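Scroll down for the structure; my scribbles are underneath it.
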2 protein chains.
Amino acid sequence: MGKQATEMLKGILEGIVLAILSDRPAYGYEITARLREQGFADIAEGTIYALLLRIEQRSLVDVEKVPSEKGPPRKVYSLNAQGRDVLAEFWRTWSFLAERLEQLREGGR
Amino acid sequence: MGKQATEMLKGILEGIVLAILSDRPAYGYEITARLREQGFADIAEGTIYALLLRIEQRSLVDVEKVPSEKGPPRKVYSLNAQGRDVLAEFWRTWSFLAERLEQLREGGR
DNA sequence: TCCACTACTCGGCGTTACTATGTACCAGTA
DNA sequence: TACTGGTACATAGTAACGCCGAGTAGTGGA
């Protein structure tokens with residue numbers, strides 16, 4: 001993905017992470033790994049941690065420290081009610097955008 | 001649309017404008033008006049003009065000054081070859097994102 | 001004359017993702 | 001013991017983008 005993608009991810013990456021957490025709780029390193037598997041190869045670790053800190057400060061997630069077999073303790077994030085609201089709002093906005101863009105793409109040929 | 005949308009528009013708004021221009025040449029005020037018709041009610045005028053200046057500086061568009069019946073002369077933008085390349089790249093990135101998100105949404109229930 | 005509409009420009013702001021770097025813990029191994 | 005590599009989190013600085021607010025200017029109608 002090119003540099004365009006960097007800008008396009010803004011705001012969307014947060015939605016993606018919230019969606020991942022809505023499936024089940026997860027910790028930063030795990031989320032980074034899952035994103036890489038799903039094709040987001042070049043998303044920096046630091047980006048995810050910064051994002052997680054932000055949504056923690058906005059109280060969209062609950063946090064639990066869990067000891068790890070390997071390495072430092074994990075911060076496991078789980079989506080709370082407020083987080084679910086934000087996620088729902090995200091999907092609404094996304095749907096709106098996706099519809100408009102689909103129309104534009106059709107019209108463009 | 002909420003404040004989330006502001007961030008989500010980043011990068012995408014440029015694609016939208018390029019797509020509009022790929023249909024046919026247009027000038028700033030006209031583009032703003034068309035966006036409003038299509039539901040992007042709260043996109044600031046200044047945002048569009050700034051975006052147009054950026055894509056002009058990156059040589060994605062050709063510019064022609066055309067006198068207007070009402071008000072100051074119009075700057076009519078038309079997509080050139082380079083702009084078409086960037087638009088194509090935009091659609092590729094968009095498709096990628098749209099696919100991933102569709103998967104996430106399915107998995108989420 | 002005043003207002004509304006058309007049309008473009010500019011400076012400053014907040015948010016976001018990226019880069020680069022650092023800390024720390026553990027297991028295997030030579 | 002020392003080294004390497006994988007796990008796990010944190011942070012400082014940067015660039016880009018969209019928003020806000022204000023300003024300039026031309027036209028036509030009340």
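All of these numbers come straight from a predicted model, not from anything done at the bench. Proteins come first, then strands; the chains are lettered A, B, ... in the order of their sequence lines, and each starts at number 1.
Contact record, B:Arg92 with B:Glu89: NH2-OE1, 2.8 Å, taken as the closest heavy-atom pair. Pairing each heavy atom of A:Ile12 with each of A:Met8, the nearest pair is CD1-O, 3.2 Å. When all heavy atoms of A:Thr32 and A:Glu45 are compared, the closest pair comes out as CG2-CG, 4.0 Å. The two residues B:Glu56 and B:Lys75 make their nearest non-hydrogen contact at OE1-NZ, 3.1 Å. Counting all heavy atoms, side chain and backbone alike, B:Gly83 lies closest to B:Leu18 at O-CD1, 4.5 Å. Considering every non-hydrogen atom in both A:Thr93 and B:Ala5, the closest pair reads CG2-CB, 3.9 Å.
Bracketed by its first and final contacts, the part of DNA chain D lying under 4.0 Å from non-hydrogen atoms of chain B reaches from D:dC17 to D:dT27 in 5' to 3' order. The nucleotide range of DNA chain C contacted by chain B, defined by atoms under 4.0 angstrom from heavy atoms of the protein and reported 5' to 3', is C:dT6 to C:dT16.
Within residues 26-37 of chain B, the residues approached by DNA chain C to less than 4.0 Å at the level of any non-hydrogen atom are B:Tyr27, B:Gly28, B:Tyr29, in residue-number order. Contacts between residues 60-81 of chain B and DNA chain C, counted as heavy-atom distances below 4.0 Å, involve B:Ser68, B:Lys70, B:Gly71, B:Pro72, B:Pro73, B:Arg74, B:Lys75.
Using a 4.0 Å heavy-atom criterion, one finds that A:Thr6 contacts the sugar-phosphate atoms exclusively. Among the atoms of the strands shown, only primed sugar atoms or phosphate atoms (P, OP1, OP2) are found under 4.0 Å from some heavy atom of A:Gly11. Contacts of B:Leu52 with the nucleic acid, taken as non-hydrogen atoms under 4.0 Å apart, are absent.
Ring geometry, B:Phe40 versus A:Phe96: the interplanar angle exceeds 60°, so the pair is classed perpendicular (tilted spans 30 to 60°).
Not one N or O on the side chain of A:Arg74 forms a donor-acceptor pair closer than 3.5 Å with the backbone of A:Glu64.
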Determine, step by step, whether A:Gln4 and B:Phe90 satisfy the side-chain contact (heavy atoms from CB on, under 4.5 Å) criterion, reporting the C-alpha distance in whole Å, the side-chain angles of both residues, the deciding distance to 0.1 Å, and the verdict. CA-CA 7 Å; A:Gln4 266 192 103; B:Phe90 168 78; 3.3 Å; yes
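With sequence neighbours excluded, no residue satisfies side-chain contact (heavy atoms from CB on, under 4.5 Å) with A:Glu99. Remark: B:Arg34 pairs with B:Glu30 by the salt bridge (charged side-chain N to carboxylate O under 4.0 Å, His left out) rule, at least two apart or across chains.
Under the 4.5 Å side-chain heavy-atom criterion for ILVMFWY residues, no single connected hydrophobic cluster contains both A:Leu35 and A:Tyr27. Under the 4.5 Å side-chain heavy-atom criterion for grouping Ile, Leu, Val, Met, Phe, Trp and Tyr, A:Val63 is connected to A:Ile48 within one hydrophobic cluster.
Of the residues near DNA chain C, A:Lys10 and B:Leu53, the one whose nearest nucleotide (by heavy atom distance) lies more toward the 5' end is B:Leu53.
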